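Keep in mind that what you see is a predicted model, and the values were worked out from it rather than measured. We use all heavy atoms of the structure for the numbers below, so side chains are in, but hydrogens, waters and symmetry mates are not.
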Amino acid sequence: DPELLGKITEFKQNALAHKSIFKIAIFKFGYADINDGNLEQVKIAYKQLIDDLRSQISGLRFVHITPPLIYIVTKDDGNAAKMKMATWMKETFKDKDSIFDLQEVESDNGSCKLGSVWTICDKYRSTSRCPSKNQGVDAPEGQGHLCESAANRISKAFLYSIYQAGK
């Protein structure tokens, strides 16, 4: 996916351009970035990004965010691949870095799912009764924006993961 690889490249260039002040790196995938067709390519590119930054910026710390899920009710449209990416991230980086498991938060630890595939819980997604602050209301299926109240709650846990990385 050229757009995602471009996002990774841009992040790396910005980090290296500011390496004298860069202390904690946090790269977040979007809910549409990872699917069955690009999972292995994304793992390779992400690992290369982390390895390059780790080797070129002394003392840099990382917060890894598991890829956000989408809302699924009829068929999996990439969440299984996102779950595989999350498992890989947790296994690959658990000994060195902080990991913010957004998937666990969005799915209430897997209690919201279609079959065995986790999904963002209805109560957290952007709907007309609780829209996203900047993204409005999601489609009936296939998007993964958080509603404003859920985003406010989840952001506290995310900020804590940054704090932990900085200790």
Side-chain angles (χ1 to χ4, degrees), residues 1-15 25-50 62-94 97-162:
D1 180 344
E3 187 176 323
L4 176 58
L5 297 179
K7 188 188 319 186
I8 290 172
T9 299
E10 182 179 354
F11 183 86
K12 179 180 171 185
Q13 289 169 342
N14 285 330
I26 306 167
F27 180 92
K28 181 189 169 291
F29 292 100
Y31 70 79
D33 285 338
I34 298 170
N35 56 56
D36 294 322
N38 71 0
L39 175 62
E40 293 308 315
Q41 180 187 20
V42 172
K43 284 182 190 176
I44 292 166
Y46 185 74
K47 179 76 165 69
Q48 189 67 54
L49 168 70
I50 301 305
F62 295 88
V63 176
H64 303 278
I65 304 174
T66 59
L69 301 168
I70 59 169
Y71 187 70
I72 56 173
V73 289
T74 59
K75 66 178 174 62
D76 174 35
D77 194 16
N79 281 358
K82 293 171 186 63
M83 290 172 63
K84 290 174 187 168
M85 181 72 178
T87 299
W88 173 82
M89 291 170 91
K90 290 184 272 190
E91 290 170 357
T92 303
F93 302 110
K94 67 182 176 195
D97 305 315
S98 294
I99 298 169
F100 178 65
D101 199 337
L102 179 57
Q103 290 179 7
E104 282 191 7
V105 175
E106 288 184 316
S107 70
D108 279 349
N109 296 312
S111 66
C112 299
K113 58 188 167 192
L114 178 66
S116 62
V117 180
W118 292 7
T119 183
I120 182 173
C121 293
D122 189 51
K123 64 186 173 184
Y124 300 139
R125 63 188 291 266
S126 181
T127 62
S128 58
R129 74 180 184 287
C130 183
S132 165
K133 184 172 185 173
N134 296 316
Q135 303 296 328
V137 176
D138 274 1
E141 182 171 26
Q143 290 184 304
H145 296 110
L146 294 171
C147 83
E148 188 172 0
S149 63
N152 287 338
R153 185 184 64 81
I154 291 169
S155 66
K156 293 174 185 157
F158 175 59
L159 290 171
Y160 186 72
S161 70
I162 297 169

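From Asp77, atom CG reaches atom CD of Gln143 across 11.0 Å, with rounding to the nearest 0.5 Å. One distance of note links CD1 of Ile50 with CZ of Phe93; it measures 5.0 Å at 0.5 Å rounding. The NZ atom of Lys28 sits 8.0 Å away from the CG atom of Asp33 when rounded to the nearest 0.5 Å. The distance from the CD atom of Gln135 to the CG atom of Leu146 is 10.5 Å, given to the nearest 0.5 Å. If you take CG on Leu5 and CD1 on Ile8, they are separated by 5.5 Å, rounding to the nearest 0.5 Å.
A donor-acceptor pair under 3.5 Å is formed between the side chain of Thr66 and the backbone N or O of Leu102. Checking side-chain atoms of Asp76 against main-chain N and O of Leu114 turns up no donor-acceptor pair under 3.5 Å. Distance alone, capped at 3.5 Å, places no donor-acceptor pair between the Ser132 side chain and the Val137 backbone. A side-chain donor-acceptor contact under 3.5 Å links Ser126 to the backbone of Gly136.
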Review point. Do Lys82 and Trp118 pass the side-chain contact (heavy atoms from CB on, under 4.5 Å) test, and can you show the C-alpha distance, the side-chain angles, and the key distance before you say yes or no?
Key: CA-CA 9 Å; Lys82 293 171 186 63; Trp118 292 7; over 6 Å; no
**Study point:** Test side-chain contact (heavy atoms from CB on, under 4.5 Å) applied to Met89 and Ile99, step by step
**Key:** CA-CA 8 Å; Met89 291 170 91; Ile99 298 169; 5.5 Å; no
Check your understanding: Under the side-chain contact (heavy atoms from CB on, under 4.5 Å) criterion, do Leu39 and Val42 qualify, and how do the steps go?
Key -> CA-CA 5 Å; Leu39 175 62; Val42 172; 5.6 Å; no
Check your understanding: Could you walk me through whether Trp88 and Glu40 pass the side-chain contact (heavy atoms from CB on, under 4.5 Å) check?
Key -> CA-CA 10 Å; Trp88 173 82; Glu40 293 308 315; over 6 Å; no
Check your understanding: Are Lys7 and Glu10 close enough, and set up right, to give a salt bridge (charged side-chain N to carboxylate O under 4.0 Å, His left out), and what steps lead you there?
Key -> CA-CA 5 Å; Lys7 188 188 319 186; Glu10 182 179 354; over 6 Å; no
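Here the shortest heavy-atom pairing between Pro68 and Gly30 reads CG-C, 3.7 Å. The two atoms that bring Ser107 and Gln103 nearest to each other are OG-O, 2.7 Å, heavy atoms only. Residues Ile120 and Gly144 approach most closely at CD1-O, 4.1 Å, considering heavy atoms.
Residue pairs meeting the ring-ring contact (aromatic ring centres under 6.0 Å, His included) criterion with at least one member in residues 137-159, sequence neighbours excluded, are Tyr31-His145, Phe100-Phe158. Pairs of residues two or more places apart, or lying in two chains, never qualify as salt bridge (Lys or Arg N to Asp or Glu O under 4.0 Å) while including a residue from residues 138-158.
Residue Lys90 qualifies as enclosed at atom NZ: its count of foreign heavy atoms under 6.0 Å is above 12.
Residues Arg129 and Cys147 have side chains not in contact (no heavy-atom distance under 4.5 Å, counting atoms from C-beta outward). Contact check for Ile162 versus Leu159: side-chain heavy atoms found under the 4.5 Å cut-off.
Every residue two or more places apart in sequence or in another chain that forms a side chain to side chain contact (heavy atoms under 4.5 Å, CB included) with Asp108 is listed here: Ser111, Cys121, Lys123, Tyr124. Every ring pair (Phe, Tyr, Trp, His ring centres under 6.0 Å) that Phe27 has, sequence neighbours left out, goes to Phe11, Phe29. Applying the side chain to side chain contact (heavy atoms under 4.5 Å, CB included) test to Thr9 and every residue at least two apart in sequence or in another chain returns Gln13. Remark: Asp97 engages Arg54 in a salt bridge (charged side-chain N to carboxylate O under 4.0 Å, His left out) (not counting sequence neighbours).
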